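Notes for the one structure printed next.
Note: hydrogens, waters and symmetry copies are ignored here, and every other heavy atom, side chains too, is used. In this text the structure is predicted, and so the values were computed from the model without any measurement.
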Amino acid sequence: MNVAPHYPRLTHIALHVRDIEACIRFYCSFCGMVETHRRENGHQTIVWLAEPEREQDFIFVLMNGGEDLQLSPHDYRHFGFALPSREAVDALAARARAAGCLVWPPRDEPYPVGYYCGVRDPNGNYVEFSHGQPLGPG
């Protein structure tokens, strides 16, 4: 079935962060993203991160000079990443706990939420890692 693309399409989210290098390391390590573009102009650094083979679909744009966020553990705004299994969620949560950035331990919620945990990136954004949602594997 050939379906014409819907427009407008979501292509990126831009984050103004305090420590851009720490955020790059986090998203590459925890989320498997890769740096696909970097430009520097004076004090401004802008970096594009994408999942491998999705560089033309959706990216995170990181810009330095931002402020840290101070979200409460009950604030559920987040970026969501799918994982292939419950065991992968547990393993990622264990890594985050060891790194001191686990916000929501693994938990089960009714469909369509599934099994998930939450992690804080170096700038204070929350990142959810889930299995069992209709948006990703499993």
### Query
Considering residues at least two apart in sequence or located in another chain, which fulfil the side-chain hydrogen bond (donor to acceptor under 3.5 Å, both in side chains) criterion with Asn41?
none

### Query
For the hydrophobic clusters of this structure (ILVMFWY residues joined by side-chain heavy atoms under 4.5 Å, transitively), does one cluster hold both Phe81 and Val113?
no

## Note on the structure
Heavy-atom nearest pair, Phe58 first then Ala50, reads O-CB, 3.9 Å

### Task
Flag yes if more than 12 heavy atoms outside Gln56 fall under 6.0 Å of its CD atom; otherwise flag no.
no

### Query
Can you get from Leu102 to Leu71 by hopping between Ile, Leu, Val, Met, Phe, Trp and Tyr side chains that sit under 4.5 Å apart?
no

#### Entry: Candidate list Leu15, Val61, Leu62, test side chain to side chain contact (heavy atoms under 4.5 Å, CB included), partner Leu49, passing option
Leu62

### Query
Nearest heavy-atom pair of Cys28 and Glu35: which atoms, and what distance?
SG-N, 4.5 Å

#### Entry: Set of side-chain hydrogen bond (donor to acceptor under 3.5 Å, both in side chains) partners for Tyr115, sequence neighbours left out
Asp90

### Task
Please lay out, stage by stage, how Val17 and Met63 fare under the test side-chain contact (heavy atoms from CB on, under 4.5 Å).
CA-CA 6 Å; Val17 301; Met63 301 170 289; over 6 Å; no

### Nearest atoms (heavy-atom pairs only) where Glu55 meets Ile59
O-CG2, 3.8 Å

### Task
Treating Ile, Leu, Val, Met, Phe, Trp and Tyr as nodes and any side-chain heavy-atom pair under 4.5 angstrom as an edge, say whether Leu135 and Tyr126 lie in one connected cluster.
no

## Note on the structure
Nearest heavy-atom contact between Asn64 and Ile20 is N-CD1, 3.9 Å

### Query
When you look at Glu109 and Gln133, which way does the side-chain hydrogen bond (donor to acceptor under 3.5 Å, both in side chains) test go after all the steps?
CA-CA 10 Å; Glu109 298 286 342; Gln133 295 182 357; over 6 Å; no

### Message
When you group the ILVMFWY residues by side-chain heavy-atom contacts below 4.5 Å and let the links chain together, are Leu92 and Phe26 in the same group?
### Response
yes

#### Entry: Check: Tyr116 side chain, Ala82 main-chain N or O, donor-acceptor pair, under 3.5 Å
no

### Query
Is the backbone of Leu83 close enough, under 3.5 Å, to the side chain of His131 for a donor and an acceptor to pair up by distance?
yes

Check: residues 117-124 side-chain donor-acceptor pairs under 3.5 Å, at least two apart:
| residue | atom | partner | partner atom | Å |
| --- | --- | --- | --- | --- |
| Asp121 | OD1 | Asn123 | N | 2.7 |
| Asp121 | OD1 | Gly124 | N | 2.9 |
| Asp121 | OD1 | Asn125 | N | 2.9 |
| Asp121 | OD2 | Tyr27 | OH | 2.6 |
| Asp121 | OD2 | Asn125 | ND2 | 3.1 |
| Asn123 | OD1 | Arg18 | N | 2.8 |
| Asn123 | ND2 | Glu67 | O | 3.2 |

### Summary
For Trp48, the ring pair (Phe, Tyr, Trp, His ring centres under 6.0 Å) test, sequence neighbours excluded, returns His37

### Query
Phe30 ring centre to Arg95 NZ or CZ under 6.0 Å, with the angle to the axis within 45°?
yes

### Message
Going by the rule side-chain hydrogen bond (donor to acceptor under 3.5 Å, both in side chains), which residues pair with Asp57 if we only count those two or more places apart in sequence or in a different chain?
### Response
none

### Message
Tell me whether Leu69 shares a hydrophobic cluster with Ile13, the cluster being built from Ile, Leu, Val, Met, Phe, Trp, Tyr side chains joined at under 4.5 Å.
### Response
no

### Query
Would you say His74's side chain and Ser72's backbone share a donor-acceptor pair under 3.5 angstrom?
no

### Message
My understanding is that a hydrophobic cluster links ILVMFWY residues whose side chain heavy atoms are under 4.5 Å apart, including indirect links. Using that, what else belongs to the cluster containing Val34?
### Response
none

### Message
Any carboxylate oxygen within less than 4.0 angstrom of a Lys/Arg side-chain nitrogen, looking at Glu40 and Arg38?
### Response
yes

### Query
Does the side chain of Tyr111 reach to within under 4.5 Å of the side chain of Pro134, using non-hydrogen atoms?
yes

### Message
Please report the interatomic distance CD(Glu128) to CZ(Arg77), rounded to the nearest 0.5 Å.
### Response
15.0 Å

### Task
Start with the C-alpha distance between Phe129 and Cys31, add both sets of side-chain angles, then the distance that settles side-chain contact (heavy atoms from CB on, under 4.5 Å), and finish with yes or no.
CA-CA 9 Å; Phe129 296 93; Cys31 303; 3.7 Å; yes

